[in-house]
Amino acid sequence: QFEGPVHFVTRENQLRHAIERLGRETVLGFDTETQPTFRSGEYHLPSLLQLAASDEVFVFRLSKRIFSGGVIDILCSSAIVKVGVAPTRDINELKAITPFEQAGIIDLAQIARSAGIEAGGLRSLAGTILGWRISKKFQTSNWGRKFLHPAQVRYAATDAWVSRELYLALLTKRETGT
């Protein structure tokens, strides 16, 4: 799991710091967490957006106030690559909160397949490429709860961080031909 600083962004002063920090990156790990559905026809919007920088992760509690200009600017920036596994669904769900035109979104599963690696989910890619076993213990957590356990927030941060690490490892494999 990610052991570095994790910032759980719920207030505007935290948001300003996060946007300023993330805006200095060229590659961000990207993921969302959505409350699971257990009934047919039930649907939830994403509760969290996670963006992993080189040395820290920002986990945004999504609301109209938090999911606004600065965060959307990052998702629309072609100068900042956002990497995740199957990010199209996450992006489309975020657009249901606030419409935007994304740029710089890269699907790790597609890169892995083009490198001849059988692409599964984040967990299998981490095992295959990085040799890491990541826990999915909190995958079906109630992400919409008002208060999240610190272990849930760390889990969410880990998913975005692993995506970034996978991307960098895949780039290295491509450059070295291994």
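Here, residue 1 is the first one in the sequence, and each next residue gets the next number. What you see is a predicted model; the values in this text were computed from it and never measured.
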**OP:** Answer yes or no: is there a donor N or O on one side and an acceptor on the other, between the side chain of Ser47 and the main chain of Thr34, under 3.5 Å?
**Re:** no
Original post:
Side chains of Pro46 and Ile97: does their closest heavy-atom pair fall under 4.5 Å?
Top reply: yes
Subject >> Sub-4.5 Å side-chain heavy-atom contact between Ser163 and Leu108 >> reply: yes
Subject >> Step-by-step side-chain contact (heavy atoms from CB on, under 4.5 Å) determination, Ile117 to Leu170 >> reply: CA-CA 10 Å; Ile117 299 167; Leu170 285 165; 3.9 Å; yes
Original post:
So, for Ser78 and Ala103, which heavy atoms are closest and what is the spacing to 0.1 Å?
Top reply: N-CB, 3.9 Å
**OP:** Could you tell me how the ring of Phe58 sits relative to the ring of His7: parallel (under 30°), tilted (30 to 60°) or perpendicular (over 60°)?
**Re:** parallel
Original post:
Where does the angle between the aromatic ring planes of Phe67 and Phe100 fall among parallel (under 30°), tilted (30 to 60°) and perpendicular (over 60°)?
Top reply: perpendicular
Original post:
Rounded to the nearest 0.5 Å, how far does CD of Glu33 lie from CG of Leu49?
Top reply: 10.0 Å
Original post:
Just how far is it from atom CG of Asn92 to atom CZ of Arg89, taken to the nearest 0.5 Å?
Top reply: 10.0 Å
**OP:** Indicate yes or no for a side-chain donor-acceptor contact from Glu56 to the backbone of Val6 under 3.5 Å, with no hydrogens or angles considered.
**Re:** no
**OP:** For Thr98 and Ile72, run side-chain contact (heavy atoms from CB on, under 4.5 Å): C-alpha distance rounded to whole Å, both residues' side-chain angles, the deciding distance at 0.1 Å, then the answer.
**Re:** CA-CA 9 Å; Thr98 300; Ile72 292 171; 3.5 Å; yes
Original post:
Considering all heavy atoms of both residues, which atom of Ala52 and which atom of Arg164 are nearest to each other, and what is their separation?
Top reply: O-CD, 3.4 Å
**OP:** Compare all side-chain heavy atoms of Ile80 with those of Leu28 and state whether any distance is below 4.5 angstrom.
**Re:** yes
**OP:** Report yes or no: do Gln102 and Lys82 form a side-chain donor-acceptor pair below 3.5 Å?
**Re:** no
Original post:
Just how far is it from atom CD1 of Ile19 to atom CG of Leu51, taken to the nearest 0.5 Å?
Top reply: 8.0 Å
**OP:** Kindly determine whether Phe2 and Asp159 satisfy side-chain contact (heavy atoms from CB on, under 4.5 Å), including the steps that lead there.
**Re:** CA-CA 9 Å; Phe2 180 68; Asp159 277 2; over 6 Å; no
Subject >> Ala109 to Asp107 - nearest heavy-atom pair and separation >> reply: N-OD1, 2.9 Å
Subject >> Heavy atoms from other residues, nucleotides or ligands near CD of Glu101 exceed 12 (cutoff 6.0 Å) >> reply: no
**OP:** Report the distance from atom CG of Leu48 to atom CG of Leu148, rounding to the nearest 0.5 Å.
**Re:** 6.0 Å
Original post:
Quick one: does Ile91's side chain get under 4.5 Å of Ile105's, heavy atoms only?
Top reply: yes
Original post:
What closest approach, in Å, do Gln50 and Ala156 show between heavy atoms, and which atom pair accounts for it?
Top reply: NE2-O, 3.1 Å
**OP:** Give a yes-or-no answer on whether the side chains of Thr32 and Glu93 include a donor-acceptor pair shorter than 3.5 Å.
**Re:** no
**OP:** Quick one: pull up CZ in Arg123 and OG1 in Thr128 and give me the separation to the nearest 0.5 Å.
**Re:** 12.0 Å
**OP:** I would like to know whether Arg154 and Gln152 meet side-chain contact (heavy atoms from CB on, under 4.5 Å); could you show each step before the answer?
**Re:** CA-CA 5 Å; Arg154 179 74 51 184; Gln152 285 178 286; over 6 Å; no
Original post:
Is a donor on one side and an acceptor on the other found under 3.5 Å between the side chain of Thr172 and the backbone of Leu168?
Top reply: yes
Original post:
Can you find a side-chain donor-acceptor pair between Glu12 and Gln14 that sits under 3.5 Å?
Top reply: no
**OP:** Calculate, to the nearest 0.5 Å, the distance between atoms CZ and CG belonging to Phe60 and Leu62 respectively.
**Re:** 9.0 Å
Subject >> Arg21 vs Asp55, salt bridge (Lys or Arg N to Asp or Glu O under 4.0 Å): CA-CA, chis, key distance, verdict >> reply: CA-CA 11 Å; Arg21 173 65 185 87; Asp55 57 352; 2.6 Å; yes
